[in-house]
Protein chains: 2
Amino acid sequence: MPKKKKSTIKDIAEALGVSKSLVSFVLNGKAKEKRVSDGMAEKVLDMAKTMNYKVNYMAKSLRTGKSQTIALIIADISNPFFAKFARFLENEASKHNYKVIIANSDEKKEKFKAEIDLLRNRQVDGFILTPPIGSEKELLDLKNQKIPFVVVDRSFESVESHTVIINNYKAGYSATERLIKNNRKNIAILNVNNQLVTMQQRVEGFQDALTKNGLIVNQALIKQLQFSHDKDLIKEAIEEILTAGADGLLFTTGKLTVLGLECLKELGARIPEDISVISFDDMDAYRIAYTPISAVVQPLEDMSREAIKTLVDQIEGGQGNDPFRKIMLDVNFIYRESCI
Amino acid sequence: MPKKKKSTIKDIAEALGVSKSLVSFVLNGKAKEKRVSDGMAEKVLDMAKTMNYKVNYMAKSLRTGKSQTIALIIADISNPFFAKFARFLENEASKHNYKVIIANSDEKKEKFKAEIDLLRNRQVDGFILTPPIGSEKELLDLKNQKIPFVVVDRSFESVESHTVIINNYKAGYSATERLIKNNRKNIAILNVNNQLVTMQQRVEGFQDALTKNGLIVNQALIKQLQFSHDKDLIKEAIEEILTAGADGLLFTTGKLTVLGLECLKELGARIPEDISVISFDDMDAYRIAYTPISAVVQPLEDMSREAIKTLVDQIEGGQGNDPFRKIMLDVNFIYRESCI
DNA sequence: CCTTTGTGCTAAATCGTTTTAGCAAAGTAA
DNA sequence: TTACTTTGCTAAAACGATTTAGCACAAAGG
């Protein structure tokens, strides 16, 4: 049984009778640049392998100030939308040799701030953020202190930053048109987080689709909720739109939809006979729902790739004085029985 | 605009004209123990606050060998079961001042090993693992090298270790009895990962429930699948059990169930009229499924708490020569229309 | 008065890297 | 020959903390 004591650069240096610097140069691929002879470079590499050398990231980070770790702060990893995104993000991050630490804000700006502070202590190199309402100040702080970050899924008008979002307006517009093509005239929308520009844009797309198609916008059919997890509030809202004669419904988040579908059933509304439905975010649940639900599918993999690329460029690239990248991606649609 | 330069212990020491050691003692709560005068301790704390001092974890870790970070290696964070678990785990970890890095193995032992190696380089203090089939060697390595870890959701007979699992036998037994009480005589089970003891136990519980209730065990109704993500295979298996006259079905994982429900629908089997269904793991999807599905609910929060506690005790506690803790928790049940 | 004990603090080593500055030997150019 | 360049390497400082050993002084005990 080989008693693997963990070896350090110093061990390798001593074993070969050379200096630590030499070993470090070689191990970091700077052999050529630092004019280490080919023979010596090879010897170092061999010795590193036989001694089972593994770099100590703590030491490396302390010296370089880079931890090769990025933080992802989302509302809640147990929300499948974020979980899927997190998975793609980790894949992309690992391609660039970064690890991801996930933190949950629960859409509360205090938790959001607390997590940022905590993670900064741990010297993460940058952040991927879905900032809750009212967290402009935290973003400004990061900007002022030149900490690399990318905002995804949302955007703030008052704080310019690197952003990766979908075309929410267009997505809302297209989803609504689908319901219109279903011959629906009284289409409702159920929305949350309406202080977020991105969520507003979904509603704007919805409204414009109506007017452009000669339908009137009935304010009684536009419902703004405070939370997406309060079933009673959702039920109330749905009851109201049903009473107002809704025959079509656009949910703006997946979480809202899952609870909303429960409510619709409880209220005896049949899908799609009584009301056609389409939802943002594709959930597994939609495939086995009592009526399979159509969905606006966000390109999570592309979003992850762009987010990581933008972040890594900031971290490893220049001064971070590049113009802000505002990446906007198009969504896809999956049509199921809920709006045939 | 306050130009917050990040301050170090040295800065505080110089500002007060004392030594770094003194400052370190105070900031680590060792003032009393190290006989620092009360007045001085207070001065240090005040200065730390006004200078906005934040500990540098890299430096601390390098010196102490502890990173206050633990690794969670699961099959896939985008699987809601693991995502929920991850969320609870992070909550528990943060109570002990640990951050969690999540890695995905996709149930492949090579990826599992690769992630362990990667994370060990990063000096994580310990691991929470759901080891894939065939990863005994990796667990043994960790044991030999005295790296703290806890196995959750599964267990290996050949490698003794700290473990947190549910009582799989009992859960399988009870779930099956529920179907029997539904007057079902030809109950089937769909299983995956049958090389895992924990999964075998679910099947054993199933079988014993049948025999104890005077039913015969029909091997044609016991289906072992290789993967949980291959819909064609699942469909084939379900077709076979339907042909064999199944009127009850127990799914052993949530992922299996979601695909399985799609198949059942496609095959025209009505739930619960033609076949009663119950599933391990409660998914959001079950509440809005075409027939709401009953579920075996694992106590994820309790499991997280026990896992973190066990791990932290190893890390911070003694030599790690304590006897292995084998924690087994009971499950809960949620009954919905799929087996009334 | 001398010795012991206790109090309050500090200097310096250490963790494992990276990186700057520079040295000695060999090669090249005049 | 002299002077510059290139090649191949090293010594030592630094990153920011923790921790060990010990110093100086005061108080206490005989």
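Lettering of chains follows the sequences in order, A, B, ..., and the numbering in each one begins at 1. Remember, predicted model here, so these are calculated numbers, not experimental data.
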Rounding to a whole Å, what distance do you find between [X]:[atom1] and [N]:[atom2]?
{"X": "A:Phe25", "N": "C:dG22", "atom1": "CZ", "atom2": "P", "value": "15 Å"}
{"X": "A:Lys32", "N": "D:dC9", "atom1": "NZ", "atom2": "P", "value": "12 Å"}
{"X": "A:Lys43", "N": "D:dG8", "atom1": "NZ", "atom2": "P", "value": "13 Å"}

If you measure only the distance, is there a donor-acceptor pair under 3.5 Å linking the side chains of A:Asn104 and B:Glu90?
yes
[atom1]-[atom2] distance between [X] and [Y], expressed to the nearest 0.5 angstrom:
{"X": "B:Leu129", "Y": "B:Ile116", "atom1": "CG", "atom2": "CD1", "value": "5.5 Å"}
{"X": "B:Lys99", "Y": "A:Ile101", "atom1": "NZ", "atom2": "CD1", "value": "7.0 Å"}
{"X": "A:Thr64", "Y": "B:Met58", "atom1": "OG1", "atom2": "CE", "value": "9.0 Å"}

If you check every side-chain atom of B:Ser37, which of D:dT19, C:dC9, C:dG22 has the closest atom?
C:dC9
Would you indicate which nucleotide in C:dA11, D:dT19, C:dT20 comes nearest to any side-chain atom of A:Lys34?
C:dT20
For residues 21-32 of chain A, tabulate all N or O donor-acceptor pairs below 3.5 Å that involve a side-chain atom, not counting sequence neighbours.
| residue | atom | partner | partner atom | Å |
| --- | --- | --- | --- | --- |
| A:Ser24 | OG | A:Asn28 | ND2 | 3.4 |
| A:Asn28 | OD1 | A:Lys60 | NZ | 3.3 |
| A:Asn28 | ND2 | A:Ser24 | O | 2.8 |
| A:Lys32 | NZ | A:Asp38 | OD1 | 2.9 |

Does a side-chain N or O of B:Ser24 approach OP1 or OP2 of D:dT18 to a distance below 4.0 Å, or not?
yes
With a 4.0 Å cut-off, would you call B:Lys49 and B:Glu42 a salt bridge?
no
Could you run down the sub-3.5 Å N/O contacts of the protein with nucleotides 12-16 of chain D?
| residue | atom | partner | partner atom | Å |
| --- | --- | --- | --- | --- |
| D:dA12 | N6 | A:Ser21 | OG | 3.4 |
| D:dA14 | N3 | A:Arg63 | NH1 | 3.0 |
| D:dC15 | O2 | A:Arg63 | N | 3.4 |
| D:dG16 | N2 | B:Ala59 | O | 3.3 |

